[in-house]
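The structure appears below as structure tokens.
Predicted, not measured: the structure shown is a model, and the values here were computed from it. Per chain, numbering begins at 1; letters A, B, ... match sequence-line order.
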Amino acid sequence: MRDVRVRFAPSPTGNLHIGGARTALFNWLFARHNNGKMILRVDDTDLERSTGDSMKAIIDGLKWLGIDWDEGPIYQSKRLDLYKNYADNLVKEGKAYYCFCTKEELDEMRNEAQKAGKPPMYTGKCRNLSADEVKKYMDEGKKYVIRLKVPKEGKTIVHDIIRGDVEFDNSTFDDFIIMKSDNMPTYNFATVIDDYDLKISHIIRGEEHLSNTPKQILIYEALGFEKPNFAHVSMILAPDRSKLSKRHGATSVQEFRDLGYLPEAIINYITLLGWIPSDGEEVFTTEKSIKEFTLDRVSKNPAIYDTKKLTWLNGIYIRNCDIDRLTKEVIPFLINKGLIGDNYDYDYIKKIVSAIREREKTLNEIADAMSYYFNDEFDYDEKGVKKYFEKNGVDNILKEAIKVLDKVDDFNLVETEKAYRDLIEKLDIKSGDLFHPTRLAISGRTFGPGLFDIMELLGKEKTIERIKKAVKYIENLKGE
RNA sequence: GGCCCCGUGGUCAAGUGGUUAAGACAUCGCCCUUUCACGGCGGUAACAUGGGUUCGAAUCCCGUCGGGGUCACCA
């Protein structure tokens, strides 16, 4: 087998969506598995729609995910001479020809074909123009494109690693354009030339390109190039089985990042959309997928992405994440929510993160769950109030709690718990009668880390202050 | 519309002629527990459909239906 060289070739017309990310990932896994090279190429021959911002977004997205490349980015727009030369040669060899048809003429052709109930194909009007005619039109300065002479008979077969052989009848293709009138190559033409020029061994791309592949093969054959191997990965669909778009919520890796997902969780998840290790274990490192990744194990079915599973995976990665890294990841979310400013106490935040992380699934959720550590003004959970604060005698229990907590000198997890346990015994109440209202008083919530963890983190002063405030609140409730 | 791809529970997904049709997420119930989460145990739930081939089909063939893609001087 020749050296493995693969490429990811986005067109810079938007950000990196999860489908593109998965295509990049599968290329990358394949390259790394085979000790091959990964090449990043930018298919920017559409001058109208290509933007630098979008390219930057795609590169950022890839880097953030940890997908790197060995060569590139290579911009097609900077290699125009290459395409032009090959196109001119094809014309010289009689394998392609100049076409001077105008947009209006083409539209008319299409309309007539439609009327006749035939597919809207180019009729080959300029296919047999004489040299004189060509010269005449050229001299007149008429705009032209270059079309490939497609054989009218025979079949073109795509040998696809994932799908097997796929046959196409050549009669279903017309003489398609390879060079546009602005001297830019069309996608199919530029792709073939670059893939050849860059010595790409395996073209791994989305299924939407499968129908284009026979055309590309026709170009390979006209040019006399050796063909690469093809593998078309199924598409990722929205939950309603339609094509992914903005209305389906987060679809780009940037959006998932802003929602608080970790890159390794996203990588793990999108790998799972079409591939699974031989042991069936669904949580795995990239080392493992690199080691095991082969194309013949890639699924043919289109996949619908399910954020629930992504979220579950993210929770696992959050729980296993290095605490310093996790803290650093959470801080921007905290700042964003206005919970902390630029001068923050890193060690304090780290302690809170470590108390909270195991019950949250995204960085965003962690930041939300941390609010009461920084913010004294919070509302009590409504259901919690009904359940715990409106119970007879809670105010007295909490008053007793204040007294015992006040006597705790070393205000830590062990000592506060000891004080509480003693109080429960003394008052002869159930632990929940004290724990639940206290939790609500100091955090406003009915769930969260262990009660004494919260107390220790909050410190004596704030803990007691908040319980006092809750007592007042409860007395107010009774007064009404 | 022509051509092409795909069709196993709500979702991902094992399975390649003989299985009680795995597993994971989600969902439901129970257990653990000061709460929530984690974890553990258990439940509900699938071979799109009709014909073949075969002793025997989720697995092979054909039709139908459904979904998707593509047919541009977009990529």
- Task: Please list, chain by chain and in numerical order, all residues satisfying ring pair (Phe, Tyr, Trp, His ring centres under 6.0 Å) with A:Tyr269, sequence neighbours excluded.
- Result: none

- Message: Using a heavy-atom cut-off of 4.0 Å across all strands, would you classify A:Gly448 as base, sugar-phosphate, or nothing?
- Response: base

- Message: Taking A:Lys125 first and then A:Asp175, would you say they form a salt bridge - that is, a charged N and a carboxylate O separated by under 4.0 Å?
- Response: no

- Note on the structure: Answer for the Watson-Crick or wobble partner of B:rA46, both distances under 3.5 Å, is none

- Query: Is there a Watson-Crick or G-U wobble partner for B:rA24 with both distances under 3.5 Å, and if so, which one is it?
  - Reply: B:rU11

- Query: What integer distance in Å separates A:Phe284:CZ from B:rG23:C1'?
  - Reply: 14 Å

- Query: If we call it a pair only when both distances are under 3.5 Å in a Watson-Crick or G-U wobble match, what pairs with B:rC60?
  - Reply: B:rG52

- Quote, to the nearest angstrom, the C1' distance that separates B:rG40 from B:rA45. 22 Å

- Would you kindly give the CG-to-C1' distance between A:Leu272 and B:rA14, to the nearest whole Å? 12 Å

- Whole angstrom is fine here: how far is it from OH in A:Tyr372 over to C1' in B:rU35? 11 Å

- Message: What I want to check is whether the side chains of A:Arg163 and A:His232 have a donor and an acceptor closer together than 3.5 Å.
- Response: no

- salt bridge (Lys or Arg N to Asp or Glu O under 4.0 Å) partners of A:Lys387, counting only residues at least two apart: none

- Task: Measure the distance from CG on A:Leu313 to P on B:rU11 and round it to the nearest whole Å.
- Result: 19 Å

- Message: Going by the rule ring pair (Phe, Tyr, Trp, His ring centres under 6.0 Å), which residues pair with A:Trp312 if we only count those two or more places apart in sequence or in a different chain?
- Response: none

- Message: What's the gap between B:rA46 and B:rC5 when it is taken at their P atoms, as a whole Å value?
- Response: 30 Å

- Query: Which part of the nucleic acid does A:Glu48 contact within heavy-atom distance under 4.0 Å: base, sugar-phosphate only, or nothing?
  - Reply: nothing

- Message: Please give the distance between the C1' atoms of B:rC3 and B:rU11 as a whole number of Å.
- Response: 30 Å

- Query: What is the nucleic acid contact for A:Pro449, judged by heavy atoms within less than 4.0 Å: base, sugar-phosphate only, or nothing?
  - Reply: base

- Query: Contact class for A:Arg319 vs. all strands (heavy atom < 4.0 Å): base, sugar-phosphate, or nothing?
  - Reply: sugar-phosphate

- Query: What residue pairs, at least two apart or across chains, pass side-chain hydrogen bond (donor to acceptor under 3.5 Å, both in side chains) with a residue in residues 423-436 of chain A?
  - Reply: A:Lys391-A:Asp433

- Query: Reckon A:Asn301 has a side-chain N or O less than 4.0 Å from the OP1 or OP2 of B:rG7?
  - Reply: yes

With a 3.5 Å cut-off and sequence neighbours excluded, list the donor-acceptor pairs that the side chains of residues 73-80 of chain A form with protein atoms.
from    : atom 1 : to       : atom 2 : distance (Å)
A:Gln76 : NE2    : A:Asp43  : OD1    : 3.3
A:Gln76 : NE2    : A:Asp194 : OD2    : 2.8
A:Ser77 : OG     : A:Asp44  : OD2    : 2.7
A:Arg79 : NE     : A:Asp194 : OD1    : 2.8
A:Arg79 : NH2    : A:Asp194 : OD1    : 2.7
A:Arg79 : NH2    : A:Asp197 : OD2    : 2.7

Are any protein N/O atoms closer than 3.5 Å to N/O atoms in nucleotides 46-49 of chain B? If there are, list each pair with its distance.
none

- Between atom CD1 in A:Ile442 and atom C1' in B:rU35, what is the gap in whole Å? 12 Å

- Spacing of the P atoms in B:rA48 and B:rC12 (rounded, Å): 14 Å

- Message: What's the gap between B:rA13 and B:rG18 when it is taken at their P atoms, as a whole Å value?
- Response: 23 Å

- Message: If I take atom CD1 in residue A:Ile318 and atom P in nucleotide B:rA37, what distance separates them, rounded to the nearest angstrom?
- Response: 16 Å

- Item | Where protein sits on nucleotides 64-75 of chain B, one letter per nucleotide: B base, S sugar-phosphate only, - none, heavy atoms under 4.0 Å | ---SSBSSSBBB

- Select from A:His436 and A:Phe168 the residue whose nearest nucleotide in RNA chain B is closer to the 5' end of that strand. A:Phe168

Name the pairs: protein N/O against N/O of nucleotides 25-33 of chain B, kept only if under 3.5 Å.
from   : atom 1 : to       : atom 2 : distance (Å)
B:rC25 : O2'    : A:Lys309 : N      : 3.3

- Message: Check for me whether A:Lys215 meets the cation-pi criterion with A:Phe173, that is, NZ or CZ under 6.0 Å from the six-membered ring centre and within 45 degrees of the ring axis.
- Response: no

- Can you tell me the pairing partner of B:rG39 across any strand shown, Watson-Crick or G-U wobble, with both distances under 3.5 angstrom? B:rC31

- Query: Among pairs that include at least one residue of residues 358-367 of chain A, which meet salt bridge (Lys or Arg N to Asp or Glu O under 4.0 Å), considering only residues two or more places apart or in two chains?
  - Reply: none

- Item | Opposite nucleotide pairing with B:rC71, Watson-Crick or G-U, both atom distances under 3.5 Å | B:rG1

- Item | Selected nucleotide, minimal atom distance to A:Ser431 side chain, candidates B:rU11, B:rA37, B:rU34 | B:rU34

- Item | Closest-nucleotide 5' rank along RNA chain B - winner of A:Gly280 and A:Gly432 | A:Gly280

- Task: With sequence neighbours excluded, tell me which residues meet salt bridge (Lys or Arg N to Asp or Glu O under 4.0 Å) with A:Lys309.
- Result: A:Glu282

- Item | Rounded C1' spacing from B:rU8 to B:rA24 in Å | 15 Å

- Task: Give the intermediate values and the outcome of side chain to side chain contact (heavy atoms under 4.5 Å, CB included) for residues A:Leu434 and A:Thr438.
- Result: CA-CA 6 Å; A:Leu434 175 59; A:Thr438 305; 3.8 Å; yes

- Message: Please determine whether a side-chain nitrogen of the Lys or Arg among A:Asp107 and A:Arg110 lies less than 4.0 Å from a carboxylate oxygen of the Asp or Glu.
- Response: yes

- Message: Please give the distance between the C1' atoms of B:rC60 and B:rU54 as a whole number of Å.
- Response: 10 Å

- What about A:Arg439, does its side chain sit under 3.5 Å from the base of B:rU34 through a donor-acceptor pair? yes

- Query: For the pair made of CD1 in A:Ile304 and P in B:rU11, what is the distance, rounded to whole Å?
  - Reply: 6 Å

- Task: Applying ring pair (Phe, Tyr, Trp, His ring centres under 6.0 Å), name anything that partners A:Phe189, two or more places apart in sequence or on another chain.
- Result: none

- Query: Roughly how far apart, to the nearest Å, are B:rG43 and B:rA21 at atom P?
  - Reply: 15 Å

- A:Phe284 meets the ring pair (Phe, Tyr, Trp, His ring centres under 6.0 Å) criterion, sequence neighbours left out, with A:Trp275

- When the distance from NZ of A:Lys300 to C1' of B:rC4 is rounded to whole Å, what number comes out? 14 Å

- Tell me what A:Gly274 touches on the nucleic acid: a base, only sugar-phosphate, or nothing, going by heavy atoms under 4.0 Å. sugar-phosphate

